[in-house]
Amino acid sequence: MRMTDFQDLTWKEAREAIKRGVVAILPVGSTEAHGPHLPLATDVIISVEMSRRAAAKLNARGIETLVLPPVAYSVTDFSSDFAGTISIRRETAAALIRDVCVSLYAQGARLVVIANSHLEPEHIASINDGINMVNKDTGRAVAFPDKRRRRWAATLTDEFRRGDCHAGSYETSLVLAARPELVREETRRELEQVPISIAEKIREGATSFTQAGGTEAYFGDPRSASREEGEASYEALADMLVTSIEEALAES
């Protein structure tokens, strides 16, 4: 059986994989409130699952790919008024991205790719900061398909594109498809829709979920979530990573 998780390798297996020119996907998420029905690790679960599915597709195409241990801490200030949320400074988050990528490139990795599922603007900025530092320090590029961009968003659900997708149908469906045992089903079935675009509220100046109207740390419609929707979204997310990686390799 081919292993796709980097941490499952021995150091000698990792050395050989890197020598062969492995592509390394770094899943990035957060530890933050995702409604009363989803775990704090929701973003991490999604990033890891999309990474594993992309790695399987790439390995089948002859592009050796491994999934790195995930980054579980990020800038999560918008949900800081909810228990369990752990936020770190933008500079800390950027430095972590930079250090992981530089370490892999110093060992000989072919390409490092960011698979991110936490969409807070300051967090996205920290990823781009880290990527810029990698380029400055090594001259190497890091692939980062930002799913907020029209090209990628067009392949995802209507709820995602509207922006009312924090712990709504989009994310709940993804967790149902990957870790259904972690969804609090009785609670989910009782949740009312919160048809508020967090993206629009941020543009209007909201600085927290509570200010934006997400008093239970969710937006969208968790009750309409399904495993089938989650599977379809994972297919799109995996293809997003595969396309980004193939394009980055073609340019290198």
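- R15 and E13 are not joined by a salt bridge, as no carboxylate oxygen comes within less than 4.0 angstrom of a charged side-chain nitrogen.
- With no hydrogens or angles considered, no side-chain donor-acceptor pair links T187 and R184 at under 3.5 Å.
- Taken to the nearest 0.5 Å, the CZ atom of R161 stands 8.5 Å off from the OG1 atom of T155.
- E186 and H37 form no side-chain donor-acceptor contact under 3.5 Å, judged by distance and modelled atom types alone.
- Checked for salt-bridge contact, E247 and R151 meet the test: a charged N lies under 4.0 Å from a carboxylate O.
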Stepwise side chain to side chain contact (heavy atoms under 4.5 Å, CB included) check, T92 with Y73
CA-CA 10 Å; T92 303; Y73 301 106; over 6 Å; no

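- Counted by atom type alone, T85 and E32 present zero donor-acceptor pairs between their side chains at under 3.5 Å.
- Under a hydrophobic-cluster definition in which Ile, Leu, Val, Met, Phe, Trp and Tyr are linked whenever side-chain heavy atoms come within less than 4.5 Å, directly or via other members, M240 and I124 are assigned to the same cluster.
- Here F219 and F209 bring their ring centres to under 6.0 angstrom of each other.
- The pair K57-D239 counts as a salt bridge, with a side-chain nitrogen and a carboxylate oxygen less than 4.0 angstrom apart.
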From CA spacing to verdict: side chain to side chain contact (heavy atoms under 4.5 Å, CB included), S80, S87
CA-CA 7 Å; S80 60; S87 187; 5.5 Å; no

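- S74 contributes atom OG, which lies 7.5 Å from atom CG of N116 (distance to the nearest 0.5 angstrom).
- Put simply, the side chain of I202 reaches to within 4.5 Å of the side chain of P121, judged on heavy atoms.
- Contact check on R61 versus E246 returns a salt bridge, with a Lys/Arg side-chain nitrogen under 4.0 Å from an Asp/Glu carboxylate oxygen.
- Side-chain N/O atoms of E120 and T76 include no donor and acceptor closer than 3.5 Å.
- Using a cutoff of 4.0 Å between basic side-chain nitrogens and carboxylate oxygens, E235 and R53 are not scored as salt-bridged.
- For the residue pair H123 and D77, no side-chain donor N or O sits within less than 3.5 Å of a side-chain acceptor on the partner.
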Could you go through the side chain to side chain contact (heavy atoms under 4.5 Å, CB included) check for L119 and K147 one step at a time?
CA-CA 9 Å; L119 304 181; K147 66 182 73 170; 3.9 Å; yes

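- Side-chain contact check for D164 and S197: no donor-acceptor pair (N or O, by modelled atom type) lies under 3.5 Å.
- We find that E16 and K12 are not joined by a salt bridge, their nearest charged nitrogen and carboxylate oxygen being 4.0 Å or further apart.
- Using a 4.5 Å heavy-atom threshold, the side chains of Y105 and V134 count as touching.
- A distance of 12.0 Å separates CG of L174 from CZ of R227, quoted to the nearest 0.5 Å.
- One distance of note links CG of L38 with CG of D43; it measures 10.0 Å at 0.5 Å rounding.
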Side chain to side chain contact (heavy atoms under 4.5 Å, CB included) for T65 and V22? Distances and angles first, verdict last.
CA-CA 6 Å; T65 307; V22 74; 5.6 Å; no

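- At a threshold of 4.5 Å between non-hydrogen side-chain atoms, the residues D8 and F6 do not count as touching.
- With values rounded to the nearest 0.5 angstrom, L156 atom CG is found 9.0 Å from C165 atom SG.
- No more than 12 heavy atoms of other residues, nucleotides or ligands lie within 6.0 Å of CZ in R150, so this atom counts as exposed by the packing criterion.
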